[in-house]
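See structure below.
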Amino acid sequence: MAVQKPSIPKGTRDFLPTEMARRNYIFDTIREVFRCYGFQPIETPAMENLSTLLGKYGEEGDKLLFRILNSGNFLEGVSSQDLDAGNLPALSARMCEKGLRYDLTVPFARFVVQNQSQLVFPFRRYQIQPVWRADRPQKGRYREFFQCDADVVGSDSLLHEADLIQMVEQVFSRLGIRVVVKINNRKILSGVASLIGAPERVTDITVAIDKLDKIGLEQVNAELRERGLPDAAVVALQPVLALSGSNQEKLACLDALFEHIPDGREGVRELREIFDYLATMQVEVPVELDLTLARGLNYYTGAILEVKALDVAMGSICGGGRYDNLTGIFGLPGISGVGISFGADRIFDVLTQLDAFPRETAQSTRIMFVNFGAEEQRQVLPLLSALRRSGISAELYPEASKIKKQLSYADARHIPLVAMIGADEAASGTVTLKDMQTGTQQSVPVSGLCGLLAAMER
RNA sequence: GUGGAUGUAGCUCAGCUGGUUAGAGCGCCAGAUUGUGGUUCUGGAUGUCGGCGGUUCGAAUCCGCUCUUCCACCCCA
């Protein structure tokens, strides 16, 4: 058989040890903040039934779901008419009953409903796992990536929104990334839609105005008309698009605009409450009311928020919001949830670009023993065991290669200490300890090695 | 899903309007140094030129298809 070139699927990645150290630094930071706010970890399967996933992320989302072909005869139940008709969605529904999860929120809603009897509400959970999207890979966009989610379900309190924003502040200040939090509210968006007399066109309107800072006012208006919005509505929308000033000023303007639109006023009230909490909690991260923030996931009903890095051009590195009835679809209505999702892979890219990772923290092996041969090994092995038992990571070079080669290996692995027990040391019951950083060597009694290393730890 | 760029040694890349034996730096291996790495010096190995097909006397070079990576759009973490 011809050798095949090794490869991995498009948009997926291998992670080397140095990358893992850095990724774990991100995960540990986020996990620690989550824990601090009382969230508990859960995990759910990589694959879910497609019925759980389909229809939750909008039309676009359905297309981006990875589907898993049924095992065995996946053509069972597919007729030749079906095949000829070429109705792909119908065919895939027959041949695939499972899919890879697209995010952690929808599986979580399923989890809550399924395990409700064992949960204490309000339930606070965090979850750090990979998700998959059949998107075309791009900068900061992968087909397999990790999300770090924290959600609270079973509470309407807007304190949670404030909590989440404070968590954003904590995570990014610990990581050393300057960010801005953009916040908006779905109720304001639907208020705007009502205001211009097109309440059922919320999606079209939000998708268009979402691009305001990217393509400019003219283009946005053009796109709105393209999407079939009457001229009168586009004109009516202009005051909203022109909104500027501080958050308070914007909210005051909206209040005036929403005089006869209860939904919109409620959205404004919620935002005021959240801003009030943030001030009281002394949250310092900049939080900016952004009317053009839409967020595609269509299960959001209240606050929506997104975090962008200030010093790096990158899509949002964190997003979330309130969803009032996600568990309703799975048979548990009246449970409100609110959550946030940190994009670990994008955060990794941001830290890389900023060169903001801390200097290599924990090297894996602290001390390596040079291998002088079978006889000398007998002296080393018990010592090695003793070190390991006392929690000091140690290894013995496996072959009696040239010293040069063994030291090169220690050097390449950044092992800070090398111990040598050759014929001379064995005879005198000592070990020659070499500091790889300074190159200095000292002779210490074998019996004292363990204690010495333990002391050096401090 | 649409449009554009890209792929040459382990890595980063050079390689003219097609021409015979495809190069550099770094890394790797060996030696200088038979118990001493990171510096230095000397020597050495390495390629289905992303894959398949076509044009041609001849293809890394031109054409087609395909895959990868990257960029823009759509959308999104």
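Quick note on labels: first sequence line is chain A, next is B, and so on, each numbered from 1.
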Subject >> C1' atoms of B/rC49 and B/rA9, separation to the nearest Å >> reply: 10 Å
Original post:
Looking at A/K402, does any N or O in its side chain come under 4.0 Å of the phosphate oxygens OP1/OP2 on B/rA30?
Top reply: no
**OP:** Let me know the distance between CG of A/L305 and P of B/rA77, rounded to the nearest Å.
**Re:** 11 Å
Subject >> A/F27: which of A/F146, A/Y126, A/F34 passes ring-ring contact (aromatic ring centres under 6.0 Å, His included) >> reply: A/F146
Original post:
When the P atoms of B/rG25 and B/rA14 are considered, how many whole Å apart are they?
Top reply: 16 Å
Original post:
Going by distance alone, is a donor N or O of one side chain under 3.5 Å from an acceptor N or O of the other, for A/S364 and A/R413?
Top reply: yes
Original post:
To the nearest angstrom, how far is A/D135 atom CG from B/rG1 atom P?
Top reply: 11 Å
Subject >> Presence of A/K211 side-chain N/O under 4.0 Å of B/rC73 phosphate oxygens OP1/OP2 >> reply: no
**OP:** Take the protein atom CD of A/E60 and the nucleotide atom C1' of B/rG1, then report the distance between them rounded to whole Å.
**Re:** 8 Å
**OP:** Check whether any side-chain heavy atom of A/I183 sits under 4.5 Å from a side-chain heavy atom of A/N247, and report yes or no.
**Re:** no
Original post:
Which whole-number value in Å describes the distance from A/R346 CZ to B/rC75 P?
Top reply: 14 Å
**OP:** Could you tell me whether the side chains of A/R67 and A/S92 share a donor-acceptor contact shorter than 3.5 Å?
**Re:** yes
Original post:
Taking atom C1' in both B/rU12 and B/rU20, what distance in whole Å separates the two?
Top reply: 29 Å
Original post:
Which letters describe nucleotides 34-41 of chain B, given B = protein heavy atom under 4.0 Å from base, S = only from sugar-phosphate, - = neither?
Top reply: -BBBB---
Original post:
Expressed in whole Å, how much space separates the C1' atoms belonging to B/rG51 and B/rC67?
Top reply: 7 Å
Original post:
Whole-Å distance between B/rC76 C1' and A/L293 CG?
Top reply: 12 Å
Subject >> Length of the line joining A/F27:CZ and B/rA77:P, which is rounded to integer Å >> reply: 17 Å
**OP:** Can you tell me, in whole Å, how much space there is between the C1' of B/rG43 and that of B/rU61?
**Re:** 34 Å
**OP:** Could you tell me whether the side chain of A/Q147 reaches within less than 4.5 Å of the side chain of A/I128, counting heavy atoms only?
**Re:** no
**OP:** Answer whether the closest heavy-atom distance between the side chains of A/F172 and A/V285 falls below 4.5 Å.
**Re:** no
Original post:
Does A/F145 reach the side chain of A/F348, with side-chain heavy atoms less than 4.5 Å apart?
Top reply: no
Subject >> For atom CG of A/D62 and atom C1' of B/rC76, their distance in whole Å >> reply: 15 Å
Original post:
Any luck finding a side-chain donor-acceptor pair between A/Y323 and A/D151 under 3.5 Å?
Top reply: yes
**OP:** Taking the side chain as every heavy atom from C-beta outward, state whether A/Q437 and A/H414 have any atom pair closer than 4.5 Å.
**Re:** no
Original post:
Between B/rU39 and B/rU33, how far is it from one C1' atom to the other, in whole Å?
Top reply: 14 Å
Subject >> side chain to side chain donor-acceptor pair (under 3.5 Å), paired with A/S336, selected from A/N325, A/T327, A/D324 >> reply: A/D324
Subject >> Where protein sits on nucleotides 67-72 of chain B, one letter per nucleotide: B base, S sugar-phosphate only, - none, heavy atoms under 4.0 Å >> reply: -SS-SB
Original post:
With distance as the sole test, does A/R13 use its side chain to make a donor-acceptor pair with the main-chain N or O of A/E144 at under 3.5 Å?
Top reply: yes
Original post:
Atom CD of A/Q406 to atom P of B/rC29: distance rounded to whole Å?
Top reply: 14 Å
Subject >> Cation-pi geometry met for A/R133 and A/Y102 (6.0 Å, 45°) >> reply: yes
Original post:
So what does A/S316 touch, heavy atoms closer than 4.0 Å: a base, only the sugar-phosphate, or nothing?
Top reply: sugar-phosphate
Original post:
Any chance the side chains of A/T432 and A/E425 put a donor and an acceptor closer than 3.5 Å?
Top reply: yes
Subject >> Involving RNA chain B, stems made of at least three consecutive Watson-Crick or G-U pairs, both distances under 3.5 Å >> reply: B:1-5 with B:69-73, B:10-13 with B:23-26, B:28-32 with B:40-44, B:50-54 with B:62-66
Original post:
Considering only the C1' atoms, how many Å lie between B/rU66 and B/rG47, rounded to the nearest integer?
Top reply: 22 Å
Subject >> Nearest-angstrom distance, C1' atom, B/rG3 to B/rA77 >> reply: 24 Å
